[in-house]
*Asks:* 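Provided herewith is a single structure, encoded as structure tokens, for subsequent inquiry.
Below, read A as the first sequence line, B as the second, and so on, with proteins coming before strands; counting in each chain starts at 1. What you are looking at is a predicted structure, and each value in this text was computed from that prediction instead of being measured.
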Amino acid sequence: MGQSLIGVNPTSVDLVDVGKDEEVKMRPGQVLHIVNKLYPYTVQFAEESGKDVTEAEEKVQAEKRPCEDSSENDDIENVPRKAKKTEVVDTQGSSAELKLSKTSVFPQEGTSSKKEHLGHWSQGLKSSMQDPKMQVYKDEKTVVIKDKYPKARYHWLILPWESIPSLKTVTREHLGLLEHMHAVGEKMIDQCPARGSLEFRLGYHAIPSMSHLHLHVISQDFDSAALKTKKHWNSFTTEYFLNSQDVIEMVRSKGKVTVKDHASELLKLPLRCHICKQQLSTIPQLKEHLRKHWPK
DNA sequence: GTTCTAGAAC
DNA sequence: GTTCTAGAAC
């Protein structure tokens, strides 16, 4: 869902959709008074050393260093950084009963009942994707980061700059973007020194844990210390993992993505090698088995 | 999504 | 006794 801003007209509420290609230019420090007649807000754009999303898009510094594994990832996740895009300041005491309509301003800000959402772990990608130290590639539409807990030797996430919560909100309007994300994923593979020896898959989790649409690009060795549970395994090796190409085709034909009802049960399936289909009883045994399929 | 750990499984 | 999994996390 795209963000929307509410007009300043004090007597009527105008919703301006800026979701697609938001063109609301705000400068750091500029103050925008967003006034829902019942719920006044002041949105202030905090300074961010020239790293506003829109600016980042304009820069389009298509830098690529996919596979050169640099140092260890700094653990800067879930720390709600001050230099976010916007700050919402409640200029009036908030009344508990007054809720912003669903299509209202900044979905993640919540209303008042429950707070934290931006600092919640499920929102982690939103901050990671903005962190230059995490970015491995970026262009006008997307950014690529390495999965913080890679489940294989190579595991990237392709994310759109546009705020799309998940596949649930994807429509035909997004087809071009989905195809671009796929193309970027393949470009990452092309750049990878192991492209000749490892297989790769590109796809989405049927029921992702992390908010913000993200395409997984993962090598099929599954040689990773972060791969620890049956859920991990099955989320990448059963139909829980939706091929990017299939998703694109589904959006093209149906205009949306539907997920099978039993998707969540797939995570409980017995451990089975994705290559030879042998069943293993524990994760350690599975990991030992996988070595047989490693490239020589 | 991960961490932690109780208790099931071996 | 050790390994391993699965569910809570205020």
*Asks:* In whole angstroms, how far is the P atom of C/dC4 from the CH2 atom of A/W233?
*Replies:* 17 Å
*Asks:* Categorize A/K151 for me: base, sugar-phosphate, or nothing, with a 4.0 angstrom heavy-atom threshold over every strand shown.
*Replies:* sugar-phosphate
*Asks:* Separation of A/H216 atom NE2 from B/dG1 atom P, in whole Å?
*Replies:* 8 Å
*Asks:* So, A/D221 versus A/H293: side-chain donor-acceptor pair below 3.5 Å or not?
*Replies:* no
*Asks:* Taking all non-hydrogen atoms of both residues into account, name the closest pair between A/R195 and A/I189 and its distance.
*Replies:* CB-O, 3.3 Å
*Asks:* Return the nearest nucleotide to the side chain of A/K230; candidates are B/dG1, C/dT5, C/dA6.
*Replies:*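 Selected nucleotide (nearest to the side chain): C/dA6.
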*Asks:* If you count the non-hydrogen atoms of other residues, nucleotides and ligands that lie under 6.0 Å from CD in A/E186, is the total more than 12?
*Replies:*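 Counting other residues, nucleotides and ligands, CD of A/E186 exceeds 12 neighbours.
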*Asks:* Which nucleotide wins on minimum distance to the side chain of A/Y149, given the candidates C/dC4, C/dA6, B/dG1?
*Replies:*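 Nucleotide nearest to A/Y149's side chain: B/dG1.
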*Asks:* For A/N234 and B/dG1, give me the distance from atom CG to atom P, rounded to whole Å.
*Replies:*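 In whole Å, B/dG1 P lies 12 Å from A/N234 CG.
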*Asks:* At under 4.0 Å between heavy atoms, what does A/H212 touch on the DNA or RNA strands: base, sugar-phosphate, or nothing?
*Replies:* nothing
*Asks:* Find the distance A/K228:NZ to B/dT5:P and express it as a whole number of Å.
*Replies:*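 Atom NZ in A/K228 sits about 14 Å away from atom P in B/dT5.
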*Asks:* Rounding to a whole Å, what distance do you find between A/L125:CG and B/dT2:C1'?
*Replies:* 13 Å
*Asks:* The side chain of A/P284 is closest to which nucleotide in this list: B/dG1, C/dC4, B/dT3?
*Replies:* C/dC4
*Asks:* Using both distances under 3.5 Å as the test, list the Watson-Crick or G-U wobble partner of C/dC10, or none.
*Replies:* none
*Asks:* Scan A/W156, A/F236, A/Y204, A/F200 and name whichever one has a ring pair (Phe, Tyr, Trp, His ring centres under 6.0 Å) with A/H216.
*Replies:*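 Exactly one pass, corresponding to A/F236.
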*Asks:* Among the nucleotides B/dT2, C/dA6, C/dC4, which one has an atom lying closest to any side-chain atom of A/H232?
*Replies:* B/dT2
*Asks:* A/K231 side chain N/O closer than 4.0 Å to the phosphate oxygens (OP1, OP2) of B/dG1?
*Replies:*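 Yes.
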*Asks:* NA contact type, A/P208, heavy-atom cut-off 4.0 Å: base, sugar-phosphate, or nothing?
*Replies:* nothing
*Asks:* Determine whether A/E249 and A/K254 satisfy the following criterion, salt bridge (charged side-chain N to carboxylate O under 4.0 Å, His left out), listing intermediate values before the conclusion.
*Replies:* CA-CA 8 Å; A/E249 191 45 50; A/K254 302 169 54 174; over 6 Å; no
*Asks:* Specify the separation, in whole Å, of atom CD of A/Q285 and atom P of B/dA9.
*Replies:* 15 Å
*Asks:* Taking atom P of B/dG1 as reference, at what distance in whole Å does atom NZ of A/K148 sit?
*Replies:* 14 Å
*Asks:* Roughly how many Å is it from CD in A/E288 to P in C/dC4, rounded to a whole number?
*Replies:* 11 Å
